[in-house]
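One is the number of the first residue; the rest follow in order along the sequence. Both backbone and side-chain heavy atoms feed into the values below; hydrogens, waters and symmetry mates do not. If you're wondering where the values come from, they're calculated on a predicted model, not measured in any experiment. Counting convention: from 1, in listed order, for ligands and their atoms alike.
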Amino acid sequence: MGKSRRGSNLGPNQGVAKKWYSWYFEFNLLYRILIGLVLGVILGLTLREKILWIAPLGDLFVRLLKMIMMPIILSTLIVGASSVSPANLGKVGVRVIVFYLITSAVAVVIGLFMGTVFRPVAELTSLAEAVGTEVEAPSITQTLLNIVPTSVAQVVVNESILAVIFFALVFGMGISYLRVSHNERIKKGGELLYTFFDGIAEVMMLIIKGIMQYAPIGVLALVSVVFASNGPKVIGSLGLVTAACFVGYALHVILVYGGLVKVYGGLSLKRYFKDAKNPFITAFVTRSSNGTLPVSMQAAQNLGIPKDIYSFSLPLGATLNMDGTAIYQGVCAVFIALSVWGRAFTFPEMGIIVVTATLASIGTAGVPGAGAIMLLLVLDSVGLPVIAGSPVAGAYAMILGIDALLDMGRTALNVTGDLSCTTVVAKKLNQLDISKWKT
Ligand code: ASP
């Protein structure tokens with residue numbers, strides 16, 4: 001996107017356009033999206049059907065997000081899995097990964113529970129009539145079997161998310177073995193593949209950044225169509241989504257991290273949070289697990305965790321372990337199902353969500369907003385694909401409007417989860433410097 005001047009003597013209109021252009025790209029994205037949300041609500045409520053022409057601008061945003069979904073899952077998961085060296089997969093690795101997986105799965109369950117308790121529902125009546133509300137739940141055995149694809153190309157084309165995740169993990173692990181091979185030729189191949197997919201993942205991140213510049217307009221268009229077609233009755237539901245997420249976050253901190261550190265690890269919670277609060281707050285304001293990594297490492301050091309443990313587990317956690325994101329996905333999935341289908345999930349569907357959201361949180365990059373893209377994948381897995389113009393897209397857009405707020409809480413939880421698991425693993429391996437806990 002070049003900012004080249006076409007001429008030095010700008011006319012008055014060009015001058016105004018240029019000012020808007022610079023304001024748009026220089027103003028904080030978070031505020032821009034919020035402004036888009038509020039404007040969308042106002043325009044939808046005041047202009048009603050007169051604003052419906054704006055729908056294609058929202059559809060464009062949905063299409064852009066869908067376009068990026070498959071390549072980003074493939075590349076980030078392959079890179080994530082291939083970065084874990086088989087040697088580290090031993091004592092520390094297996095423990096850390098098991099903790100990460102279990103806490104993420106518990107987080108999804110908390111999210112689904114919170115969604116069920118708060119029951120946030122937007123009555124998207126006029127839109128919902130456009131589609132059937134009955135969706136046949138797939139059998140659990142078939143769903144599990146379908147995780148293992150028979151054709152990789154086909155699952156990518158058909159967007160069968162779980163199968164793609166499975167393949168990406170297996171493939172990534174294969175690369176990690178190649179990378180440590182004693183055979184130079186094989187090792188070279190492994191490094192080449194790693195660099196190739198790492199490069200793709202970086203390009204995807206760049207593309208997402210670009211797409212997010214369009215988010216304020218996309219959100220404005222999507223939200224105004226929702227409010228134009230449904231009226232003011234959908235406002236309260238967003239407050240409920242936010243409340244359900246934040247109560248879920250708080251519960252997870254108390255039950256899971258409190259339980260891990262205090263009950264399982266036998267450590268003082270007060271002492272733990274004396275240092276753990278720094279990464280918590282940094283993550284809350286930056287909305288990036290990756291960006292918070294240096295602060296988390298400092299906290300781990302202050303807590304007496306040995307470097308060879310935290311330097312492996314924290315970067316891994318920043319990419320793989322996303323408890324806050326998992327809670328958010330559970331709540332949002334319930335919100336969308338209630339709003340679109342008018343019913344909650346069945347148990348088999350909940351099972352699918354626990355599996356997909358746990359895996360999706362692994363595939364979520366530790367950057368602002370990544371969880372919202374992975375939500376597309378969770379929705380897809382239970383038959384709620386975000387298709388331009390559909391009620392699912394409307395409900396999804398509403399969430400996107402408040403995503404920044406939800407992202408602050410979930411990122412704070414994501415990094416606290418990494419630190420809690422790391423602390424407990426160090427303690428259980430008798431490698432924690434307990435003298436640091438006596439202060
Ligand atoms: N922002 C989150 C993180 O960095 C990811 C997400 O959007 O859920 O951990």
Side-chain angles (χ1 to χ4, degrees), residues 28-30 33-34 65 68-69 72-73 75-77 79-80 100 103-105 107-108 110-111 114 201-202 204-205 207-209 211-212 215 219 241-242 244-246 248-249 252-253 257 276 278-297 299 313-333 335 353 356-379 386 396 399-422:
N28 185 309
L29 179 62
L30 209 137
I33 294 181
L34 269 182
L65 289 177
I68 200 79
M69 185 177 81
I72 203 158
I73 298 171
S75 57
T76 52
L77 271 185
V79 171
Y100 284 170
T103 50
S104 299
V108 190
I110 291 184
M114 283 299 120
E202 286 298 330
M204 293 309 145
M205 290 301 153
I207 296 179
I208 284 195
K209 267 196 187 158
I211 293 177
M212 288 321 274
V219 167
V241 170
T242 312
C245 281
F246 276 85
Y249 299 155
H252 195 79
V253 171
Y257 303 148
N278 297 336
F280 185 94
I281 295 168
T282 313
F284 192 86
V285 291
T286 60
R287 298 190 295 132
S288 165
S289 295
N290 287 350
T292 308
L293 209 47
V295 185
S296 304
M297 292 208 176
S313 71
L314 290 180
L316 189 73
T319 13
L320 297 195
N321 186 38
M322 306 266 174
D323 298 349
T325 305
I327 293 177
Y328 152 88
Q329 286 173 338
V331 171
C332 294
F335 164 67
I353 291 187
T356 334
T358 305
L359 295 175
S361 65
I362 296 177
T364 306
V367 295
I373 296 186
M374 285 307 179
L375 178 60
L376 293 172
L377 174 164
V378 176
L379 295 173
V386 177
Y396 177 76
I399 288 175
L400 227 47
I402 51 163
D403 190 65
L405 180 64
L406 306 179
D407 195 8
M408 293 170 110
R410 66 179 189 251
T411 311
L413 220 65
N414 290 347
V415 300
T416 312
D418 304 339
L419 195 59
S420 305
C421 293
T422 304

Distance filter under 4.0 Å to D407 heavy atoms, resulting ligand 1 atoms
1 (N), 2 (C), 6 (C), 7 (O)
Backbone, side chain, both or neither: what part of R410 comes under 4.0 angstrom of ligand 1, heavy atoms only?
side chain
Validation row: L413, Y257 side chains within 4.5 angstrom (heavy atoms)
yes
Can you give me the closest heavy-atom contact between A326 and A107, atom names plus distance?
CB-CB, 3.8 Å
I'd like to check which ligand 1 atoms, numbered from 1 as shown, lie under 4.0 Å from a non-hydrogen atom of M322.
9 (O)
Under 4.0 Å from one or more heavy atoms of G369, ligand 1 contributes atoms 7 (O)
Between Y396 and L376, is there a side-chain heavy-atom distance shorter than 4.5 Å?
yes
Show which atoms of ligand 1 fall inside a sub-4.0 Å distance from at least one heavy-atom site of T411.
1 (N), 2 (C), 3 (C), 4 (O), 9 (O)
Check: S104/N321 side-chain N/O donor and acceptor closer than 3.5 Å
yes
Supply the atom-to-atom distance T325 OG1 to L375 CG, rounded to the nearest 0.5 angstrom.
10.5 Å
Y100 and T422, any side-chain heavy atoms less than 4.5 Å apart:
yes
Below 4.0 angstrom from a heavy atom of S288, which ligand 1 atoms are there? Numbered from 1 as shown, please.
4 (O)
Atom 3 (C) of ligand 1: nearest protein contact (heavy atom, Å):
S289 OG, 3.3 Å
What are the two closest non-hydrogen atoms of P279 and V295, and how far apart are they?
N-CG1, 3.7 Å
Close-contact set for ligand 1 against N414 heavy atoms, below 4.0 Å:
2 (C), 3 (C), 9 (O)
Tell me whether the rings of F246 and Y249 are parallel (<30°), tilted (30 to 60°) or perpendicular (>60°).
perpendicular
Sub-4.0 Å atoms of ligand 1 with respect to non-hydrogen atoms of R287:
1 (N), 4 (O)
Show the atoms of ligand 1 that are less than 4.0 angstrom away from any heavy atom in G371.
6 (C), 7 (O), 8 (O)
If you measure every N/O of A370 against every N/O of ligand 1, is any gap under 3.5 Å?
yes
